[in-house]
Amino acid sequence: MLKIMLLYTIEDLARGNRFIIFKRRLWWKKYVLAYLLLFGVGMIVFAYAQQAPDWRGEFLIIGIVALLLVPTSMALERLGAKLIANQIFKNNLHVHHPQTYSFEDENLNITGELFDANLKWEGFVEAAETDTDFFLFVSRDQAYVLPKRVFGDGQESLLRDFLKTKLQDRAKLKLV
């Protein structure tokens, strides 16, 4: 049995929200931003390739606006995730107290000062891993976030092996 104790920070929640919302549901957004970037560069190049300078300013402005949409979108993504995290932190008393995640053969038991949850492994849709967190999805849009900053020596690899055993092909974890 593996036990992990943690106390969430607003940064943990913001990072988790950013991953769940923008990396899962809005995965197509990165392609749109790449096309906007190419479109902006193309418009600027096209503006300087024009014979008649009358239209050059309009093409240049369109290109610059398209280029500015990319960093603006990225900044708004971060701000949105931070605002959601602040709301969760403010309205959810559970995250203000330490929580213990106990990984057992039959289930995942999560305990805190205000709750006790017992989740069977069959109920998990997927487990995912990023450089900073593990995500245990109970639906496409809802996950338990385990920040790697709280892991002790060897606990990451133990959890990775455990999740691969329990969730098999539903465990989308990094190969280490």
Side-chain angles (χ1 to χ4, degrees), residues 4 6-96 99 101 108 110 119 123-151 156 159-160 163-164 167 169-176:
I4 297 170
L6 68 94
L7 180 61
Y8 286 110
T9 65
I10 291 177
E11 289 76 24
D12 294 332
L13 297 173
R15 207 174 43 251
N17 282 325
R18 207 167 39 249
F19 178 78
I20 293 167
I21 293 170
F22 295 102
K23 303 289 189 241
R24 308 298 257 168
R25 287 195 316 208
L26 299 176
W27 58 269
W28 52 269
K29 182 178 173 250
K30 60 186 168 190
Y31 298 110
V32 171
L33 291 178
Y35 284 118
L36 267 175
L37 188 67
L38 288 173
F39 177 74
V41 170
M43 291 302 285
I44 291 170
V45 169
F46 186 71
Y48 284 104
Q50 287 295 311
Q51 296 284 336
D54 298 342
W55 289 91
R56 185 174 289 166
E58 284 79 4
F59 286 119
L60 191 60
I61 290 170
I62 291 170
I64 291 170
V65 168
L67 286 177
L68 289 176
L69 285 175
V70 175
T72 303
S73 173
M74 294 167 77
L76 288 174
E77 175 183 309
R78 287 191 174 279
L79 178 64
K82 186 75 167 184
L83 290 173
I84 292 169
N86 284 335
Q87 283 296 89
I88 291 171
F89 204 79
K90 181 177 140 189
N91 296 327
N92 188 343
L93 297 178
H94 297 102
V95 297
H96 293 270
Q99 299 177 17
Y101 284 71
L108 170 63
I110 307 169
L119 308 164
F124 286 93
V125 176
E126 179 183 352
E129 180 181 4
T130 66
D131 291 338
T132 55
D133 304 292
F134 283 96
F135 294 87
L136 303 173
F137 284 89
V138 291
S139 73
R140 193 183 117 187
D141 299 329
Q142 190 176 22
Y144 290 94
V145 181
L146 294 168
K148 289 182 178 179
R149 66 175 175 75
V150 300
F151 284 68
E156 275 185 47
L159 178 60
R160 199 176 286 115
L163 291 174
K164 285 179 185 176
L167 301 179
D169 62 335
R170 294 177 288 155
K172 314 281 194 252
L173 306 172
K174 293 183 177 189
L175 298 174
V176 177

So which heavy atom on [X] is nearest to which on [Y], and how close?
X: L167; Y: A127; result: CD1-CB, 3.5 Å
X: D141; Y: I20; result: O-CG2, 3.5 Å
X: L146; Y: L159; result: CD1-CD2, 4.1 Å
X: A143; Y: F137; result: CB-CD2, 3.6 Å
X: N92; Y: H94; result: OD1-ND1, 2.8 Å

- [ ] Please confirm whether the backbone N or O of A14 pairs with a side-chain atom of N17, one donor and one acceptor, at under 3.5 Å?
- [x] no
Open item on the list: Under a 3.5 Å distance rule, please check whether K82 uses its side chain to pair with a backbone N or O of I10 as donor and acceptor.
Closed with: no
Open item on the list: Assess the residue pair R15 and E11 against the criterion (salt bridge (Lys or Arg N to Asp or Glu O under 4.0 Å)); give the C-alpha distance rounded to whole Å, side-chain angles, the decisive distance to 0.1 Å, and a yes or no.
Closed with: CA-CA 6 Å; R15 207 174 43 251; E11 289 76 24; over 6 Å; no
Spatial distance of atom [atom1] ([X]) from atom [atom2] ([Y]) [nearest 0.5 Å]:
X: M43; Y: I62; atom1: CE; atom2: CD1; answer: 4.0 Å
X: E156; Y: I4; atom1: CD; atom2: CD1; answer: 9.0 Å
X: T72; Y: L79; atom1: OG1; atom2: CG; answer: 12.0 Å
X: E129; Y: K148; atom1: CD; atom2: NZ; answer: 3.5 Å
X: D12; Y: T132; atom1: CG; atom2: OG1; answer: 8.5 Å

Side-chain contact, heavy-atom cut-off 4.5 Å: [X] with [Y]?
X: I64; Y: I44; answer: yes
X: I88; Y: Y8; answer: no
X: L119; Y: I110; answer: yes
X: L163; Y: L136; answer: yes
X: L37; Y: L67; answer: yes

TODO: Sort out for me which residue in Y101, F151, F19 forms a ring-ring contact (aromatic ring centres under 6.0 Å, His included) with F134.
DONE: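 Of all the options given, the one that passes is F151.
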- [ ] Can you sort out the partners of Y144 under side-chain hydrogen bond (donor to acceptor under 3.5 Å, both in side chains), two or more places apart, ordered by chain and number?
- [x]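 side-chain hydrogen bond (donor to acceptor under 3.5 Å, both in side chains) list for Y144, sorted by chain: empty.
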